[in-house]
Amino acid sequence: MKRVYMDANATTPLLPEVMEDMRPYWIERFGNASSIHLDGQQAHAAVDNSRSTMAEFFNCHDAEVVFNSGGTEGDNTAIFGLLHPGDHFITTSIEHSAILEAAKRVAQHGVETTFVAPQASGLIEPTDILRAIRPQTRLISVMLANNETGVLQPVEEIGKIAADTGVFFHIDAVQGAGKVKFDVRRFGCHLCSISAHKMHGPKGTGAMFVRRGTPIEPLLVGGSHERRQRAGTENVPGIVGLAKAAELAMHSLEDGTPEGGVIDRLARLRDRLEAGVLKISGTGVNGVMDSGKPVPRAANTTNIWFDQVEGEALVIAMDLKGVAVSGGSACHSGATEPSHVLMAMGLDKTRARASLRFSLLKTATEADVDYVLKVVPEAVEHLRAISPVAAGTAG
Ligand SMILES: Cc1ncc(COP(=O)(O)O)c(C=O)c1O
């Protein structure tokens, strides 16, 4: 059976070029980057080169790049590394659990958090962040792209607010990296977390931009790796893979072909998919529209509700037909609670539960979209036909 993977926001496969660059560092060039012999120096050089690539990606100095294990670690480091008892923290109610759970942890140590709610569109209003600032506010953390809706947050404006008020600013850019032009100077942040596996790189590897002079305590202590900012023997193949994925992403964003770059192509495919799915009666896009105008969002994502359908049942029905999508954030799979993001945007529980996220890989094709557009209406029709809700027999 044909399989179409439309869950890129959960994870992505390695691009072949990434795999090729990583390969030697598992076997022939296996050295420890801290060793002084030739094997160690080869590994060290690979980490150094990767750091320069990541500095280009972030638009920062090499010394401002810290390699780590991914988005969760970066998000945790920003919060645990900067906040002390008595500090006030501002974030949003649509962040990933790597931020929300860390906020819960610091609450036990006397750090109060304000969770700013989004507009119905999924967008965070910068003035709501400004209004939340207090004399004790030490850190603001806002995501670049939401993992469930793809909505891009106005980080530059929030960066200006942080600068004007003297507050540190962290961006969880895990879902924005590789999808939008990246520039931490323009964003105006002190810290920025990314993860390789969301951008066709390896799992368990990421990086964090830490602006020079940001007084962040390391999460892990031990050896003097990463300029004492993150102890632990460097994951050399992972770092090499992250850098290759970032390099490919930079080039794909710059692609100036007449039809537009990879991202324009992806947006066209996503829009065609969305328009096709919306032809089914009783459906709609979650958020995105603000006073009749669309808000910016990542080119690969759409989140759609289906009346009289149970989202989980639809995910399973589509999986059985060879299509992988997600009924919420994959990082929460197993939890039966409706998506906290959709709920924060004002959806009721039933509609939030009856929503699907389609997130396209960069390698998605017209044929993939055609296949999904064949499968979704059939699956919805079938589920509605057997649904007690649709039949009006529900209690
Ligand atoms: C917005 C966001 N932040 C953080 C993470 C966690 O990243 P990682 O899987 O690299 O720990 C994810 C993963 O889904 C995410 O979507």
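If you're wondering where the values come from, they're calculated on a predicted model, not measured in any experiment. We count ligands from 1, going down the list as the structure has it; atoms in each ligand are counted the same way.
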Report summary line: Quick look: Asp75 vs ligand 1, heavy-atom contacts under 4.0 Å, and the answer is side chain

Query raised in the report: Have Asp368 and Thr365 got a donor and an acceptor in their side chains that come within less than 3.5 Å?
Result: yes

Report task. With heavy atoms of Asp172 as the reference, note each atom of ligand 1 found under 4.0 Å away. Result -> 1 (C), 2 (C), 3 (N), 4 (C)

Query - ligand 1 versus Glu73: contacting region, heavy-atom distance under 4.0 Å - result: neither

Requested in this report: Determine whether Val341 and Trp305 fall in the same hydrophobic cluster, where Ile, Leu, Val, Met, Phe, Trp and Tyr are linked whenever their side-chain heavy atoms lie under 4.5 Å apart.
Outcome: no

Query raised in the report: Should Glu247 and Lys244 count as an ion pair when the cut-off is N to O under 4.0 Å?
Result: yes

Report summary line: Scanning both residues in full, the closest heavy-atom pair of Gly176 with Leu144 reads CA-CD2, 3.8 Å

Query - Those atoms of ligand 1 less than 4.0 Å from some heavy atom in Met143 - result: 1 (C)

Query raised in the report: Would one find an N or O of Ser195, backbone or side chain, under 3.5 Å from an N or O of ligand 1?
Result: yes

Report task. May I ask you to decide if Asn147's main-chain N or O and Arg357's side chain share a donor-acceptor pair within less than 3.5 Å? Result -> yes

Report task. Specify side chain, backbone, both or neither for His197, according to which of its non-hydrogen atoms lie closer than 4.0 Å to ligand 1. Result -> side chain

Query raised in the report: Judging by distance only, is a nitrogen or oxygen of Ala98 under 3.5 angstrom from one on ligand 1?
Result: no

Query - Part of Lys203 with heavy atoms under 4.0 Å of ligand 1, whether side chain, backbone, both or neither - result: neither

Query raised in the report: What atoms of ligand 1 come closer than 4.0 angstrom to any heavy atom of Gly70?
Result: 10 (O)

Query raised in the report: When you check the gap from the basic side-chain N to the acidic O, do Glu101 and Lys104 get nearer than 4.0 Å?
Result: yes

Query - For Lys198, the ligand 1 atoms whose distance to one of its heavy atoms is below 4.0 Å - result: 12 (C), 13 (C), 14 (O)

Query raised in the report: Which word best sums up how the rings of Phe209 and Phe58 line up, parallel for under 30°, tilted for 30 to 60°, or perpendicular for over 60°?
Result: tilted

